[in-house]
Amino acid sequence: MLDGLNPPQQEAVVHGDGPVLVVAGAGSGKTRVLTRRIAYLINVLHRPAWTILAVTFTNKAAGEMRERVLSLAGEDAKEVALGTFHSVCLRILRRERSRAGRPNFTIYDPSDQQNVMKQALLTAQIRDPRMTPGVTLSLVSKLKNELIRPQAYVPASYTDELVGKVYPVYQELLRKNNAYDFDDLLSETVELFKAEPEVLERYADRYSHVLVDEYQDTNHAQYVLVTMLASKHRNLFVVGDADQAIYGWRGADIRNILDFERQFPDARIITLDQNYRSTQNILDAAHAVISVNTKRPEKKLWTDKDAGPLIRAFEARNEQEEAQFVAREIRRLVHRGTAEPRSCAVMYRTNAQSRSIEDAFIHEGVPYRIVGSTRFYERREVKDVLSYLRWLANPEDGVSLTRIINVPPRKIGDTSQKALNDWADINGIGLWESVQRASEVESVGPAARKALAGAAELFHELRSYATSHTAPETLEYVLGRTGYLKWLETEDDGRTRVENVEELMTVAQDFQDLPPEESLRSMLERVALVADADQIDESGGAATLMTMHLAKGLEFDVVFLVGMEDNVFPHSRSIQDPDQLEEERRLCYVGITRSKRVLYLTYAMSRRLMGRTERNAPSRFLVNIPEELFTPDSNKPRQGSNLDGGTGWGWNRWSSDEIEPARAPVPRITESTFATGDKVYHKIFGVGTVVATELSGGDEEVSVAFAAKGQMVTKRLSVLYSGLEHA
DNA sequence: ACCAGGCTTCTTTTT
DNA sequence: GAAGCCTGGT
């Protein structure tokens with residue numbers, strides 16, 4: 001039962017009743033402890049699986065945990081309530097609202113929230129340029145995470161006062177649309193428990209054990225929620241690492257983990273400090289960075305692994321050279337048999353940095369995949385179609401209705417829409433009702449009235465179809481009956497857009513076996529709660545490109561941390577505030593500890609940022625790592641050299657022709673192997689057409705037109721490196 | 001009603 | 001350097 005676990009891990013797994021905090025450093029086997037503990041609760045302590053609740057932050061983590069628990073504890077474990085905070089709350093809200101006969105509501109994503117907030121700012125007559133919808137939303141979000149309700153909010157500054165004015169308006173708009181935003185899923189669940197203690201009682205009674213992963217990233221609402229759910233049996237088992245708290249900007253409160261002992265005086269604290277992932281050199285580097293932080297309980301990871309290879313720092317002239325270095329280095333490692341592309345990861349601070357990396361990987365023919373940034377569910381056509389479905393599930397959802405009322409174009413212009421909205425407000429009715437009664441609205445012209453009557457009829461028809469059909473059937477019907485698909489084909493990038501819609505159909509098909517009244521709702525729930533991190537997929541032969549935030553919880557043989565420059569990482573917006581700087585430092589710690597063995601830290605002397613070319617000093621984090629951990633050929637800036645903003649950082653720069661020139665014996669190309677008009681195949685871009693080709697320096701540069709990312713894109717590819725083939 | 005073109009504003013990080 | 005917003009023309 002306890003085989004393969006070290007003593008503190010065993011202690012955590014077999015702990016009896018009462019609160020437990022497992023302080024689990026990076027790579028110390030926390031998922032292992034969590035899954036083994038769940039199996040132990042089921043198999044040894046004979047707790048029924050359905051009385052166990054385990055909460056994670058991503059669906060992917062939940063899925064993996066489910067899989068591992070199933071293999072440890074068998075079929076019974078299916079009954080374990082296991083999910084993200086948001087999905088657990090959604091389940092509770094849906095169930096409780098069904099009891100009250102109002103099962104349907106929409107979950108608004110950030111772009112929907114943006115629309116609602118714009119309207120709220122207008123209604124509240126706030127025209128302060130500081131209060132952009134985005135800024136206001138994040139302030140409101142903070143309040144919700146703190147469980148501060150609009151009426152209980154006490155403004156303490158001018159900005160606060162403005163927030164105090166919009167917050168209730170925003171909230172009222174959500175209510176009118178019968179919608180929740182992400183934060184509401186948490187805060188409304190807590191609110192429900194407060195308002196109806198007997199409901200809480202049911203859940204608290206049911207869950208004999210509550211386990212929480214990544215506890216350092218919980219916010220106040222999550223803390224209260226978890227405490228409530230565990231209030232009856234007091235078996236709260238949380239796992240986390242304060243050094244990996246990187247979501248403070250999203251409302252996570254690191255004090256939840258730091259103060260756990262104080263909040264639960266009888267808590268057992270178990271520390272896992274043996275690292276099973278990384279070499280000693282990596283751990284030393286990570287420790288050198290993190291130990292600068294003041295607000296942390298001192299702890300140090302250890303390993304019985306060897307020192308491992310030294311860390312390589314690389315200074316590039318600009319971001320292109322940096323990216324090229326990374327791509328070539330991976331190619332070199334692969335060529336030498338040291339690593340496979342799939343065991344390599346490139347991590348950056350901001351998504352914008354992926355671009356130059358991507359370009360270089362394409363040029364050098366290194367297979368890659370980017371996680372995040374390209375969000376399927378944020379594409380226009382996907383949002384359009386989802387808006388139809390969301391509106392069908394919830395006719396009060398005016399945001400979705402607004403989105404589709406004139407898509408495809410039905411000659412219902414902005415003026416008419418505004419008139420309908422105003423009329424709805426004046427009469428205290430919803431947008432859908434005012435659409436149906438458009439003929440009563442004086443300010444809507446005759447042509448628009450006719451168009452609206454047509455739309456209303458169409459939408460009625462969709463509605464009656466949807467009530468008796470499943471999600472895929474409804475989707476199909478909507479696409480045909482509205483003419484959306486046909487219209488989409490005529491739009492720019494029609495082909496790829498249609499493909500995206502078809503992709504959505506594949507998602508819908510997962511729900512075809514559910515009864516009609518559940519099918520669509522379930523699909524929309526799934527769609528609402530997918531996150532970038534869920535898309536990470538270790539299979540396949542490609543290197544992974546992602547932000548350091550998304551990398552938390554993952555591990556790779558080879559890790560490149562790129563953009564190691566002050567103002568890039570740490571980010572310029574965090575550099576002044578000590579607390580935010582500490583969070584950046586933790587992020588760096590997370591990045592470093594993703595590596596099992598090989599670590600590269602790269603920085604560029606100059607880099608284009610937001611259109612301008614900037615020169616930044618090497619990152620202070622880089623400077624914190626002791627010299628002796630770097631390879632002799634590293635471009636390592638001298639200790640402390642960049643902290644006072646002085647000139648001359650004293651790095652021992654290589655001249656650019658000393659950059660690793662990929663010495664693998666490569667055949668030279670002396671005559672053209674491709675001709676204009678050839679159909680070619682590229683493993684990333686697929687099939688394309690050659691538009692030009694040119695020989696240069698023993699290589700052939702082929703320009704190929706691909707249909708990529710929704711448009712025809714011409715890429716210059718190296719025949720030598722890109723693996724381009726005749727199709 | 002719709003389009004094109006020029007303007008601004010961004011960019012952290014995301015369930 | 002892109003996407004979104006506004007403006008003014010058709």
Side-chain angles (χ1 to χ4, degrees), chain A residues 55-62 83-90 107-111 113-115 118 129-130 132-135 137-138 141 144-145 180-187 213-214 217-219 221-222 245-252 347-356 371-373 375 377-380 406-418 445 447-448 451 492 527-535 546-552 563 567-575 577 580-581 583-584 586-588 590-591 608-614 709 711:
Chain A
V55 197
T56 63
F57 272 84
T58 66
N59 296 300
K60 180 168 174 270
T84 64
F85 273 101
H86 294 268
S87 71
V88 166
C89 287
L90 175 57
I107 299 161
Y108 279 170
D109 71 17
S111 77
Q113 291 183 51
Q114 199 97 8
N115 290 333
K118 271 181 209 156
R130 285 275 308 130
T132 63
V135 167
L137 273 172
S138 79
S141 169
K144 291 190 182 186
N145 291 156
Y180 291 135
D181 65 17
F182 279 134
D183 300 318
D184 286 340
L185 293 178
L186 305 173
S187 57
D213 192 14
E214 306 280 15
D217 287 327
T218 50
N219 61 35
Q222 287 160 333
I246 55 175
Y247 286 106
W249 51 273
R250 201 170 78 186
M347 300 173 192
Y348 31 79
R349 178 64 235 268
T350 62
N351 275 308
Q353 289 167 260
S354 69
R355 191 190 196 91
S356 53
V371 184
S373 77
R375 285 185 214 144
Y377 289 109
E378 278 169 30
R379 291 173 184 280
R380 261 205 307 285
N406 198 34
V407 177
R410 300 189 178 94
K411 306 209 180 298
I412 301 165
D414 294 343
T415 346
S416 313
Q417 289 184 43
K418 190 161 183 322
D492 291 348
V527 162
L529 296 183
V530 289
D532 287 339
D534 300 330
Q535 261 105 61
M546 66 187 145
T547 64
M548 285 180 244
H549 281 89
L550 280 182
K552 193 176 62 164
N567 291 322
V568 176
F569 187 39
H571 194 274
S572 54
R573 304 247 311 223
S574 306
I575 228 156
D577 176 7
Q580 288 189 53
L581 195 56
E583 180 152 310
E584 296 279 308
R586 292 192 291 269
L587 185 58
C588 184
V590 168
R608 284 185 79 83
L609 288 167
M610 274 185 263
R612 284 256 71 75
T613 302
E614 309 275 354
K709 289 197 174 155
Q711 53 180 228

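Just so you know, these numbers use all the heavy atoms, side chains as well, and skip hydrogens, waters and symmetry mates. Everything numeric here is computed off the predicted structure, so don't read it as measured data. Here is how names work: the chains are called A, B, and so on, in the same order as the sequence lines, proteins then strands, and each is numbered from 1.
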Could you go through nucleotides 1-10 of chain B and list every protein N or O atom that sits under 3.5 Å from one of its N or O atoms, giving the distance for each pair?
residue: B:dA1; atom: OP1; partner: A:G413; partner atom: N; Å: 3.0
residue: B:dA1; atom: OP1; partner: A:D414; partner atom: N; Å: 3.4
residue: B:dA1; atom: OP2; partner: A:S416; partner atom: OG; Å: 3.4
residue: B:dC2; atom: OP2; partner: A:N406; partner atom: ND2; Å: 3.3

Short heteroatom pairs, N/O only, protein and nucleotides 4-10 of chain C, under 3.5 Å:
residue: C:dC5; atom: OP1; partner: A:K118; partner atom: NZ; Å: 2.9

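A:R250 has no carboxylate O lying under 4.0 Å from a charged side-chain N of A:D217, or vice versa, which leaves the two without a salt bridge. Under the 4.0 Å criterion applied to side-chain N and carboxylate O atoms, A:R608 and A:E614 are not assigned as salt-bridge partners.
Map A:F85 and A:E584 each onto its nearest nucleotide of DNA chain B; the residue landing nearer the 5' end is A:E584.
Here the C1' atom of nucleotide B:dT15 and the NZ atom of A:K144 are 14 Å apart, to the nearest Å. Between the C1' atom of B:dT13 and the CG atom of A:D217 lies a distance of 12 Å, rounded to the nearest Å. Between A:D181 atom CG and B:dT14 atom P there is a gap of 18 Å when expressed in whole angstrom units. Whole-Å rounding puts the A:Y180 OH to B:dT15 P distance at 22 Å. When the P atom of B:dT15 is taken as reference, atom CZ of A:F57 falls 11 Å away, rounded to whole Å. Across the protein-nucleic acid pair, A:L550 atom CG and B:dT13 atom P stand 10 Å apart, rounded to whole Å. Atom CG in A:D184 sits about 18 Å away from atom P in B:dT15, given to the nearest Å. Between A:H86 atom NE2 and B:dT15 atom P the separation is 9 Å, expressed in whole Å.
Distances shorter than 4.0 Å separate some side-chain N or O of A:N351 from OP1 or OP2 on B:dT14. Regarding contacts with the backbone of B:dT15, every side-chain N or O of A:S87 stays at 4.0 angstrom or more from both OP1 and OP2.
If you check C:dA2, B:dT13, B:dT15 against the side chain of A:T547, the one that comes closest is B:dT13.
A:Q580 comes within 4.0 angstrom of a base, heavy atoms only.
Residues passing the side-chain contact (heavy atoms from CB on, under 4.5 Å) test with A:V527, sequence neighbours excluded: A:Y377, A:L386, A:V507, A:M523.
With A:Q113 contributing its side chain and A:L137 its backbone, the two residues share no donor-acceptor pair below 3.5 Å. At least one donor-acceptor pair closer than 3.5 Å links the side chain of A:S187 to the backbone N or O of A:D183. A donor-acceptor pair under 3.5 Å is absent between the side-chain atoms of A:Q580 and the main chain of A:D577, judged by distance alone.
For A:Y180 and A:Y108, the gap between ring centers reaches or exceeds 6.0 Å.
Using a 30° and 60° split on the angle between ring planes, A:F182 and A:H86 fall in the perpendicular class, above 60°.
Heavy atoms from other residues, nucleotides or ligands lying under 6.0 Å from CZ of A:R380 number 12 at most.
Residue side chain A:F182 fails the stacking definition with respect to B:dT15, as its ring centre and the base's six-membered ring centre are not both under 5.5 angstrom apart and under 30 degrees in plane angle.
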